[in-house]
**Q** 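Below is one structure. I have some questions about it.
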2 protein chains.
Amino acid sequence: MSHVNAWDECGLIRHFTDRVPESRNLRERASVRTVGGGSSLTEQVIEAVREAIRSGELRPGELYSVYQLATQLNVSRTPVREAMLRLAEAGIVRFERSRGFRVLRRDPREIAEVFQLRLLLEVPATRLAVRRASQELVGAMRGELAGMRAAAAGLDEPRFLRHDRAFHDLLLNAGANRRLAAIVGNLRDATMTLGASTVERRRSLADVAAEHEPIVTALSAGDAEAAAQAMRLHLTHTGELLLRQSVADGGGTADPEDLALIRFPGTPGATSP
Amino acid sequence: MSHVNAWDECGLIRHFTDRVPESRNLRERASVRTVGGGSSLTEQVIEAVREAIRSGELRPGELYSVYQLATQLNVSRTPVREAMLRLAEAGIVRFERSRGFRVLRRDPREIAEVFQLRLLLEVPATRLAVRRASQELVGAMRGELAGMRAAAAGLDEPRFLRHDRAFHDLLLNAGANRRLAAIVGNLRDATMTLGASTVERRRSLADVAAEHEPIVTALSAGDAEAAAQAMRLHLTHTGELLLRQSVADGGGTADPEDLALIRFPGTPGATSP
DNA sequence: AATCGGCATGTGGCATGTCACATGTCAACG
DNA sequence: CGTTGACATGTGACATGCCACATGCCGATT
């Protein structure tokens, strides 16, 4: 064997076991549900791999194989293969002819692209959501915001991210374009992959939470434009944060053009009709 | 057997055979390539199913199963399953717990959503592309435009669609956001599925081709805003065309709000900073 | 010594067997 | 006659066997 795998014993198995203590591995849940329910083995593998990437067990650039993963997770190759195919389609990993698959490194350019897209989609979606906003929506979003603040105070990043996601999802689903919500969800997952240069991020959790406040305020006041601008500011700031982090991690050169892409994602020179 | 399948003998096999005369079915190509090359059996099945939906062999609302399709195409269930999973993720079909999968009907709401998204993405992408445009790009796009016109004159709709796709892809790839280009490609595929209430569409092929002219003109002149507006007009018109067609096909009620979504997809009330 | 060709190994893709479950049918019962 | 229960069937999800191919090592040849 030419390349050392670097996690033959630090194991995805143990990792997943920690998360689901009542079952020794993925396999034992196989008989619980088979057909549907939204938790197929494939999806569990997807989530396990995502988590493994976040935690650093699967490192960008390294070569892995479906056989290995299947053995580590104690499932057959089929669901692992399907999971990796979906991750490949999402741009998280890339298959190489007959060598295996590789976790892709998030270079600054990709991060810029993702946030450029999120700006193009979420800002107008916010504008639309304001027009259709209800009191229940505002209440639910305040709840998520409170959750974010609590998580930020406790430096509980996973919980923070859950509330952050729920916050954005509420707004997106209120915008009444399911496809848009799904696409933004995928974009979010794509950036979730880069795992937490923890110190820097935790220090700013409270700041990020604070950025959500004006969004809810404007939403509650029915001011579409203010909400859209608040969302734009929030996304821009988050994007720049991740971009700096990516550059610091040595993901590539700091191309100022990437930053420009985030800041001005196709702003028209004049007002649209 | 309770439900009649309505195409047990009108067969996908014959259809695919007609398209690839040198091989009796998909299976015979299996030995040509195995690992890669971009033409796996799964992808061939995807394309075959897409074509079958366009041609009306697979009808929305009808129930089908992986077993059937595999038999008809003379391949195993695995690639068919993977193909349907990807189509399900793209929103073309939907799996139902233990009954099979169903080709989804494109109701007006979905079409509106797709074109709302395309407007949000392609208009700014056009703006960006102008800034990065080269003479080669302009030349290539003029070539595709000529191809569209020729196809429109000959009422060759498949060829028209190929050139149309190439035209938009050129512009999107010039915009330098690969992810955006990929997303728009998926959105396009999602609408390609509804197959051609042929008379109406063919009559307007020349009109649609003509709409691309001002885009190239503005691009060549370096006028980003004019190009963006031309693209907006083109997409709006196309969306309304497909929307009317969907309503005429009885896909649902003609909700005027859908039209509004296409026309004003989040236009800001005031100019952005 | 440098180069080239065969070979062992590992890979993903496809075929097929197996399983639990959901659905729809139909007969027995109230 | 309406309701309910078991049963047969078909389904997708998963496990496993098999294959052609790509890679990389290693020895034979020049």
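Within every chain, numbering begins at 1; the chains are lettered A, B, ... in the order of the sequence lines, protein sequences first and strands thereafter.
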**Q** Would you mind reading off the distance between B/Met84 atom CE and D/dG12 atom P, rounded to a whole angstrom?
**A**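 B/Met84 atom CE is separated from D/dG12 atom P by 9 Å.
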**Q** If you check every side-chain atom of A/Glu82, which of C/dG17, C/dC14, D/dC14 has the closest atom?
**A**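 Taking heavy atoms from C-beta onward, the closest nucleotide is D/dC14.
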**Q** Between A/Arg97 and D/dT23, does any side-chain N or O lie under 4.0 Å from OP1 or OP2?
**A** yes
**Q** What is the distance, rounded to the nearest whole Å, between atom CG of A/Asn74 and atom P of D/dA15?
**A**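 After rounding, the reported distance stands at 9 Å.
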**Q** Does the pair A/Arg106/A/Glu113 count as a salt bridge with the N-to-O cut at 4.0 Å?
**A**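 Salt bridge: no.
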**Q** In whole angstroms, how far is the P atom of D/dA15 from the CG atom of A/Leu69?
**A**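 One finds 14 Å between P of D/dA15 and CG of A/Leu69, rounded.
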**Q** For D/dG12 and B/Arg99 - does any side-chain N or O of the residue sit under 4.0 Å from the phosphate oxygens OP1/OP2?
**A** no
**Q** Does a side-chain N or O from A/Ser65 land closer than 4.0 Å to OP1 or OP2 of C/dG10, or not?
**A** no
**Q** Could you say whether B/Pro79 or A/Phe101 is positioned toward the 5' end of DNA chain C, judged by the nucleotide with the nearest heavy atom to each?
**A** A/Phe101
**Q** Can you list the residues that meet the side-chain contact (heavy atoms from CB on, under 4.5 Å) rule with B/Ala166, with sequence neighbours excluded?
**A** B/Glu144
**Q** Return the value, rounded to whole Å, for the distance between atom CD of B/Gln68 and atom P of D/dT11.
**A** 6 Å
**Q** Report yes if at least one side-chain N or O of A/Thr78 is closer than 4.0 Å to OP1 or OP2 of D/dA15; otherwise report no.
**A**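 So the side-chain polar atoms of A/Thr78 never come under 4.0 Å of the phosphate oxygens OP1 or OP2 of D/dA15.
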**Q** Check this one for me: any side-chain N or O of B/Ser98 less than 4.0 Å away from OP1 or OP2 of C/dA22?
**A** no
**Q** What pairs with B/Ala181 under side-chain contact (heavy atoms from CB on, under 4.5 Å), at least two apart in sequence or on another chain?
**A** B/Leu172, B/Asn173
**Q** Is there a donor-acceptor pair under 3.5 Å between the side chain of B/Arg165 and the backbone N or O of B/Asp189?
**A**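 The answer is no, because no donor-acceptor pair under 3.5 Å joins these two groups.
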**Q** To the nearest Å, give me how far apart CZ (A/Phe95) and C1' (C/dG10) are.
**A**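 Value for this atom pair: 14 Å.
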**Q** For A/Tyr67 and D/dA15, give me the distance from atom OH to atom P, rounded to whole Å.
**A**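 Atom-to-atom, A/Tyr67 to D/dA15, this comes out as 14 Å.
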**Q** How long is the line joining CG of B/Leu41 and P of C/dT16, in whole Å?
**A**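 In whole Å, C/dT16 P lies 12 Å from B/Leu41 CG.
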**Q** Atom CG of B/Leu85 and atom C1' of D/dT11: how far apart are they, to the nearest Å?
**A** 13 Å
**Q** Can you name the closest pair of heavy atoms from A/Arg59 and A/Tyr64 and give their distance?
**A**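 In terms of heavy atoms, the two residues are closest at N-OH, 3.0 Å.
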